[in-house]
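Heads up: the structure comes next, in structure tokens.
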Amino acid sequence: MLTLNLTPIFKARGIEKPYTFLVKAGIAAHTAHRILNSKTRVFRLDHIEILCTTLLCQPNDLLLFTADNNTIYADNNPLLTLKQQETTSNLNETIKTMTYNELQNAAKAMNSNIKSEA
């Protein structure tokens, strides 16, 4: 089953009020409520674009796949790449616990990665 998996992204980005964030990003209030309460079964392409643009992520980052217990999936099924990955719940908290040297090294690694992708 595919579901939206926005909570880890909001936490990583330090977004404390997801509803307000979604509405300010251009998603209608009732739609934002449905998205956050996992009540939406239709996810519009323009909403995907809004989320990916404002959260700096890819569409695959928004989705979570939970395998049905009654269905056997081949090991190479592409949906299996959308399974929940262990992530840092709050990047800000992780950064607060890093030493200054670790922060400098992380910044260098990120800057070199950004430059290599450009």
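What you see is a predicted model, and the numbers here were worked out from it, not measured in a lab.
Leu56 CG: more than 12 foreign heavy atoms inside a 6.0 Å radius.
In this view, Ile48 and Phe43, Leu45, Cys52, Pro59, Leu62 satisfy the side-chain contact (heavy atoms from CB on, under 4.5 Å) rule, not counting sequence neighbours. The salt bridge (charged side-chain N to carboxylate O under 4.0 Å, His left out) search around Asp75 returns none, not counting sequence neighbours. Shown here are the side chain to side chain donor-acceptor pair (under 3.5 Å) partners of Glu49, two or more places apart in sequence or in another chain: there are none. Residues passing the side-chain contact (heavy atoms from CB on, under 4.5 Å) test with Asn105 are Asn101, sequence neighbours excluded. When the side chain to side chain donor-acceptor pair (under 3.5 Å) test is applied to Asn70, no partner is found at least two apart in sequence or on another chain.
Applying the side-chain hydrogen bond (donor to acceptor under 3.5 Å, both in side chains) test to residues at least two apart or on different chains, none of the pairs has a partner in residues 52-67. Applying the ring pair (Phe, Tyr, Trp, His ring centres under 6.0 Å) test to every pair with at least one member in residues 3-24, sequence neighbours left out, gives these pairs: Phe10-Phe21.
Side-chain atoms of Leu63 and Thr3, non-hydrogen and from C-beta on, never get closer than 4.5 Å to each other.
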Side-chain donor-acceptor pairs of residues 23-34 under 3.5 Å, sequence neighbours excluded:
unit_1 : atom_1 : unit_2 : atom_2 : d
His33  : ND1    : Asn37  : ND2    : 3.1
His33  : NE2    : Asn37  : ND2    : 3.4
Arg34  : NH2    : Lys39  : O      : 2.7

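Annotation for Glu102 and Thr97: closest pair OE1-O, 4.5 Å, computed over non-hydrogen atoms. Closest non-hydrogen pair, Ala74 versus Leu80, comes out as O-CD1, 3.3 Å.
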Exercise. Should Ile15 and Ile9 be marked as a side chain to side chain contact (heavy atoms under 4.5 Å, CB included) after you check the CA-CA gap, both sets of side-chain angles, and the distance that decides it?
Worked result: CA-CA 8 Å; Ile15 297 168; Ile9 300 171; over 6 Å; no
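Atoms CG and CG, from Leu6 and Leu55 in turn, are 7.0 Å apart once rounded to the nearest 0.5 Å. Rounding to the nearest 0.5 angstrom, the gap separating the CG atom in Leu2 from the CG atom in Leu64 is 8.0 Å.
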